[in-house]
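Working notes for the structure below.
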There are 2 protein chains.
Amino acid sequence: MPIYLDNAASAPMDERVLEAMMPYFTNKFGNPSSIHNYGRETRAAIDKARKTIADILNTSPSEIFFTSGGTEADNLAIFSCIHTYELSHVITSPLEHHAVLHTAEELQEDYLDFELSKVEVDAQGALNMECLEALLANNPISLVSLMHGNNEIGNLNDIERIAALCKENEAYFHSDTVQTMGHYRFDLQKLPIHYLSASAHKFHGPKGVGFLYVNAEAALRPMLYGGPQERNMRGGTENVPGIVGMAKAFELAYGNLDQDKTHIVGLKERMIAQLRSRIPNITFNGLSGELDKSLYTVLNINLPPGDEYEMLLFNLDIEGIAASAGSACTSGTQIGSHVLEAIGTNPDSGYLRFSFSRMNTVEEIDKAVEVLEKVLKR
Amino acid sequence: MPIYLDNAASAPMDERVLEAMMPYFTNKFGNPSSIHNYGRETRAAIDKARKTIADILNTSPSEIFFTSGGTEADNLAIFSCIHTYELSHVITSPLEHHAVLHTAEELQEDYLDFELSKVEVDAQGALNMECLEALLANNPISLVSLMHGNNEIGNLNDIERIAALCKENEAYFHSDTVQTMGHYRFDLQKLPIHYLSASAHKFHGPKGVGFLYVNAEAALRPMLYGGPQERNMRGGTENVPGIVGMAKAFELAYGNLDQDKTHIVGLKERMIAQLRSRIPNITFNGLSGELDKSLYTVLNINLPPGDEYEMLLFNLDIEGIAASAGSACTSGTQIGSHVLEAIGTNPDSGYLRFSFSRMNTVEEIDKAVEVLEKVLKR
């Protein structure tokens with residue numbers, strides 16, 4: 001099996017997650033809206049899953065809404081908030097995931113009438129907090145949608161500080177936490193935030209399921225109409241096995257978070273050190289080379305300008321190393337990365353994103369660096 | 001295990017479907033947007049699934065769009081069509097699923113400006129085709145959204161005739177085929193229709209996945225923005241195991257359709273005959289008692305007015321028979337059924353929906369009738 005270092009695109013499912021899902025693929029098949037025993041047992045499973053997630057986030061189950069993934073969660077938060085409050089101003093950044101950026105842009109173009117501002121970022125992708133403060137101060141009530149951890153360059157935004165600023169300015173705050181949920185702790189009794197989006201397959205859960213946290217005081221408005229599921233907020237028969245699997249993955253992620261984090265930080269440190277010593281003039285994009293300012297799961301490397309990079313990812317793949325050049329959503333070509341473009345990277349440089357999980361080993365890191373060195377020397 | 005006669009709410013997954021999904025829960029975990037081997041193998045699986053479904057429907061894979069289920073498919077078709085063509089008139093019926101009715105009503109209330117007409121239905125729920133013709137003739141270009149088979153009373157609408165009428169009047173036609181896809185054959189080279197919605201768990205596939213057929217000449221407009229998945233029409237990492245499972249379930253459904261149908265028709269006929277002989281004054285709601293005019297999977301029974309029905313479903317459940325009183329989406333209480341209300345049923349009558357699948361047996365039907373007789377005699 002090739003070495004998998006693309007966990008930010010999708011993380012392998014934990015076998016204990018599959019085990020938890022199995023009964024819901026076999027004998028526990030009822031529709032949760034049915035009142036007979038088959039229905040009641042799947043209804044109970046969903047309730048339990050919601051409570052598991054809410055407990056870990058130190059919040060109420062009534063604030064957790066299941067979706068088909070992170071993208072739907074982002075769309076739902078942004079649509080709900082702008083539409084319900086009839087907001088005339090939205091603040092985001094050029095480094096957001098397309099599930100946020102395109103949603104805001106398309107809703108604006110389509111039928112919602114608001115101004116869209118983007119917080120300035122520097123060459124490392126750090127948010128200009130003074131710019132955010134000015135945007136908040138000089139505008140009517142805004143929705144701020146700023147991610148927690150960037151999927152491409154790994155930058156961590158200070159969501160506590162952003163949340164405090166939003167609170168001060170009476171703004172609504174949504175954070176795309178798709179890369180940090182399951183990897184960082186959240187205490188929603190302490191963090192004043194309105195919406196958080198999560199995707200199960202980023203923390204070793206199944207694809208096709210996610211959730212949106214919606215603070216009890218924030219508006220939610222359905223995008224998908226139908227039955228009364230999710231307290232009338234999201235129609236459609238619940239993806240019971242997916243929801244059960246997501247909760248199990250969430251539980252496993254937080255049950256061993258510190259040890260897993262220590263292990264992964266070790267992998268990232270080792271890779272940085274080895275790359276620095278073996279690949280000349282290597283640098284790291286965004287803040288991904290700084291351990292305290294970036295996701296411990298993501299390292300985005302920059303190779304000096306040259307014309308030998310076109311086939312780099314393919315060659316790594318042939319040699320058994322699965323990596324990415326940007327987000328998976330831009331098909332792995334560096335050309336497509338709006339994030340790298342927004343921080344002004346040189347199009348002639350080489351870009352690679354390695355992203356780690358608790359399932360990776362020291363040996364895999366060593367092998368990946370060895371292969372990269374070999375491929376670059378050709 | 002209780003006898004399961006609620007297949008219209010959710011049908012048990014076929015074990016061959018689970019088998020097909022398993023590799024995508026274990027070693028084939030790549031994000032289909034990643035370009036390395038892990039990504040390419042899941043991309044190929046999605047392409048293959050799309051082709052499997054398209055081939056069975058005798059259409060092109062480019063006309064099949066994967067969604068999180070039937071509700072999303074219904075929403076997407078209705079939203080896309082009305083919004084893109086700026087339609088000022090939508091025709092539906094009072095018997096549609098809430099994923100159609102609520103969507104049309106909410107979009108109208110919310111921000112789309114159109115008139116909403118409902119085709120009249122008689123006491124058996126049959127559509128008044130003259131009413132439909134008049135609505136089409138006396139209005140500008142319309143969207144017609146009429147289901148193929150009703151989930152509660154089983155009525156089959158003549159979608160060939162409706163499609164022909166729509167074509168004649170240059171109207172767009174969407175049909176919620178959630179109850180018929182996987183149970184009836186469709187030849188999309190012959191049926192002039194713009195949109196069809198399907199849900200995998202209604203044909204022994206997994207929950208949380210469905211598809212929308214969109215004719216190449218009909219508009220599609222995204223509701224969920226994000227990455228370029230589904231040819232830019234539906235953002236979000238694809239639910240690979242779900243899609244693979246749905247295609248497998250679809251293949252199995254059509255691979256043995258005639259034999260399965262014969263078996264299920266036999267079960268329904270047997271149940272009708274036994275109920276008629278053993279339960280005094282029993283009748284059947286809608287057209288569900290007429291085999292050629294209703295879903296062979298659904299039988300909706302009507303018990304003479306009385307006050308003993310409040311606990312009927314619960315008592316059946318206790319005795320090991322899982323049935324429903326309406327659609328699963330209305331929590332199984334007859335009070336909630338907008339369909340039974342629309343055809344003017346007596347609120348004091350007793351209502352039960354039995355719905356069958358290829359997995360049911362003659363013995364189960366006999367047992368269910370026996371138990372019902374016993375429960376009613378108390």
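Numbers restart at 1 for each chain; the letters A, B, ... are given by sequence-line order, proteins then strands.
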- Item | Side-chain donor/acceptor of B:Ser68 to backbone N/O of B:Val209, under 3.5 Å | no
- Query: Under a 4.5 Å heavy-atom cut-off, does chain B meet the side chain of A:Asp14, its backbone, both or neither?
  - Reply: neither
- Comparing A:Met13, A:Arg43, A:Glu238 against chain B, the one with the most heavy-atom pairs below 4.5 Å turns out to be A:Met13
- Message: Is A:Asn239 in contact with chain B via its backbone, its side chain, both, or neither, using a 4.5 Å heavy-atom distance?
- Response: both
- Query: Any Lys/Arg nitrogen of A:Glu19 or A:Lys248 sitting under 4.0 Å from an Asp/Glu carboxylate oxygen of the other?
  - Reply: no
- Item | Interface moiety of A:Met1 toward chain B, non-hydrogen atoms closer than 4.5 Å | both
- A:Tyr38 and B:Tyr4: aromatic ring centres closer than 6.0 Å? yes
- Message: Quick check for you: among B:Ile321, B:Asp110, B:Ile318, which has the greatest number of heavy-atom pairs under 4.5 Å with chain A?
- Response: B:Asp110
- Approximate separation, where rounding is to 0.5 Å, of A:His338 NE2 and A:Leu95 CG: 7.0 Å
- Measuring heavy-atom distances to chain B, does A:Leu224 have an atom under 4.5 Å in its side chain, in its backbone, in both, or in neither? both
- Contact class of A:Ala104 relative to chain B, heavy atoms under 4.5 angstrom: neither
- Query: Which residue out of A:Glu105, A:Met22, A:Glu15 racks up the most heavy-atom pairs below 4.5 Å with chain B?
  - Reply: A:Met22
- Heavy-atom distance under 4.5 Å to chain B: side chain of A:Arg234, backbone, both or neither? side chain
- Task: For residues A:Met246 and A:Phe203, determine if any side-chain heavy atom of one lies less than 4.5 Å from a side-chain heavy atom of the other.
- Result: yes
- Item | A:Ser199 portion near chain B, given a 4.5 angstrom heavy-atom threshold | neither
- Message: Does any backbone or side-chain atom of B:Asp74 lie under 4.5 Å from a heavy atom of chain A? Answer side chain, backbone, both or neither.
- Response: neither
- Message: Quick check against the 3.5 Å criterion: does A:Thr42 have a side-chain atom that pairs as donor or acceptor with the backbone of A:Gly39?
- Response: yes
- Task: Could you pull out the closest heavy-atom pair between B:Ser145 and B:Glu96, with the gap in Å?
- Result: O-CD, 3.6 Å
- Query: What class does the angle between the rings of A:His102 and A:His98 fall in, given that below 30° is parallel, 30 to 60° is tilted and above 60° is perpendicular?
  - Reply: parallel
- Note on the structure: Okay, A:Phe25 and chain B: the region with an atom under 4.5 Å from a heavy atom over there is both
